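A, B, ... follow the sequence lines: proteins, then strands. Residue 1 opens every chain. Any value given below was found using the heavy atoms of this structure, including those in side chains, with hydrogens, waters and symmetry copies removed. These numbers were taken from a predicted model, which means no experiment stands behind them.
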Amino acid sequence: MKEADAIKLFVGQIPRNLEEKDLKPIFEQFGKIYELTVIKDKYTGMHKGCAFLTYCARESALKAQSALHEQKTLPGMNRPIQVKPADSEGRGVGLSEDRKLFVGMLGKQQSDEDVRRLFEPFGSIDECTVLRGPDGTSKGCAFVKFQGHAEAQAAINSLHGSRTMPGASSSLVVKFADTEKERGLRRMQQVASQLGIFSPMTLNFPAYNAYTQAVNAQLVQQQALVAQSAYLSPVATVAAVQMQQMAALNANGIIATPITPITPSSGVNGYSSLPAPTNGQQATEALYTNGIHPYQAQSPVAALDPLQQAYAGMQHYTGWSAYPAAYGLVGQPFPQQPTMVAQQHQQPQQQQQREGPEGCNIFIYHLPQEFSDSEMLQMFLPFGNVISAKVFVDRATNQSKCFGFVSFDNPASAQAAIQAMNGFQIGMKRLKVQLKRPKDANRPY
DNA sequence: TACCATT
């Protein structure tokens, strides 16, 4: 079926709305395709914007690479498509991890070529890309991949901090790019800052002892929940913990006050009788000062996958663990254990825009710009079985329109989600969460 | 002060 020396290609810069069937015509003009797979998130099934492509013939792969790589830009993308042998094909060349550099503090006007010239003296460059925003302006940083680790290290040694580029606010940064684990962590931190939660490392507030004690007590419960749900799915676990924390913080005005008041179920954990910290930072610091976090050495989390470990890791750094106070605090009965992710684990495919029965579908507005299907899904997973989660995207720019729909398989979940999340403040905005209007609602007859 | 996308 395929030649013994066939090459598996990695294809990058694919719009997330294109599936295999859409991509096939683009690639089959270079030969018969043996396999074409869009890369999706293992747990959520979300399109990652790239794919693997194997032609039956080696020659077809070479033709496709030379015709397409960096040559053509797919609609909605701001960089040309990437077509090159997958990392797994690398013979002799080391993993990209230890030879790929992140370069920061570049001038906004520096191009790929400018950066390449700067790094050329240190060795052969495989890849050199300035990162750009949706409007095409440089983010002032780039990736530079050398063929070997030593060359990359040499570039760091002589270039890092060596000069200040025109227009840059400080001297050139040259370091190894984040590993996958670090990227996960960084994403979590972004979400954390979206929610107005800050690193305890940067703050120095006095500890809240009573609060800290209460939180400490809750940690036991939290560990139990984590242990339980770990059997379902790591993401579901994380989502559940995260959402309970968020919802509870929200309910207590620690990071936000919902427009729709949530009545704390009093006395579930005795929390309501404790002095509430006036803001998230104090809570964070209090916990951190005592060195408490829910994922100690013996925690059941120890054996979980990298994604979850990334979350667990973040708790060390960002003090996310400072917000567990919350258990049982959400007025709304806490949603049944989410199972959608676990199911999807077997069948990650065709997560189309399914709609639930009337009363099961909710409309969410004022989503953060950077929330995609995946983030919104995670946000609502804890309220029940999610049938679909769709953020609407501008077709021209591929940018979120900041609203979307989530469908559950039962009305109670939808109500729980509305109750807990309507008015939830994120940054300067509050989520609007309400039942989706039935299709024919506004039609006269 | 930013980290694209590798099953």
- May I ask you to check whether over 12 heavy atoms, not counting those of A/E180, lie within 6.0 Å of atom CD? no
Which is true for [X] with a 4.0 Å heavy-atom rule: it touches a base, it touches only sugar-phosphate, or it touches nothing?
{"X": "A/R79", "result": "base"}
{"X": "A/K84", "result": "base"}
{"X": "A/E182", "result": "nothing"}
{"X": "A/G49", "result": "nothing"}

- Rounded distance (Å) that lies between atom P of B/dT6 and atom NZ of A/K40: 15 Å
- Note on the structure: Separation of B/dA5 atom C1' from A/L74 atom CG, nearest Å, is 14 Å
- Query: Hey, can you pull the residues of residues 155-171 of chain A with a non-hydrogen atom under 4.0 angstrom from DNA chain B?
  - Reply: A/S169, A/S170
- Message: Per the salt bridge (charged side-chain N to carboxylate O under 4.0 Å, His left out) rule, what does the pair list look like for residues 140-160 of chain A, sequence neighbours excluded?
- Response: A/E127-A/K145
- Any A/R183 side-chain nitrogen or oxygen under 4.0 Å from OP1 or OP2 of B/dT6: yes
Looking at [options], which one has an atom nearest to any side-chain atom of [X]?
{"X": "A/F10", "options": "B/dT7, B/dT6, B/dT1", "result": "B/dT6"}
{"X": "A/I39", "options": "B/dA2, B/dC3, B/dT7", "result": "B/dT7"}
{"X": "A/C50", "options": "B/dA5, B/dA2, B/dT7", "result": "B/dA5"}

- Task: Test for a donor-acceptor pair under 3.5 Å between the base of B/dT1 and the side chain of A/K175, counting only N and O atoms.
- Result: no
- A/F143 ring over B/dC3 six-membered base ring, under 5.5 Å and 30°: no
- Task: Mind checking side chain to side chain donor-acceptor pair (under 3.5 Å) for A/T179 and listing every partner two or more places apart, or none if nothing turns up?
- Result: A/E182
- For A/F52, is the NZ or CZ atom of A/K8 found under 6.0 angstrom from the centre of its six-membered ring and inside 45 degrees of the ring axis? yes
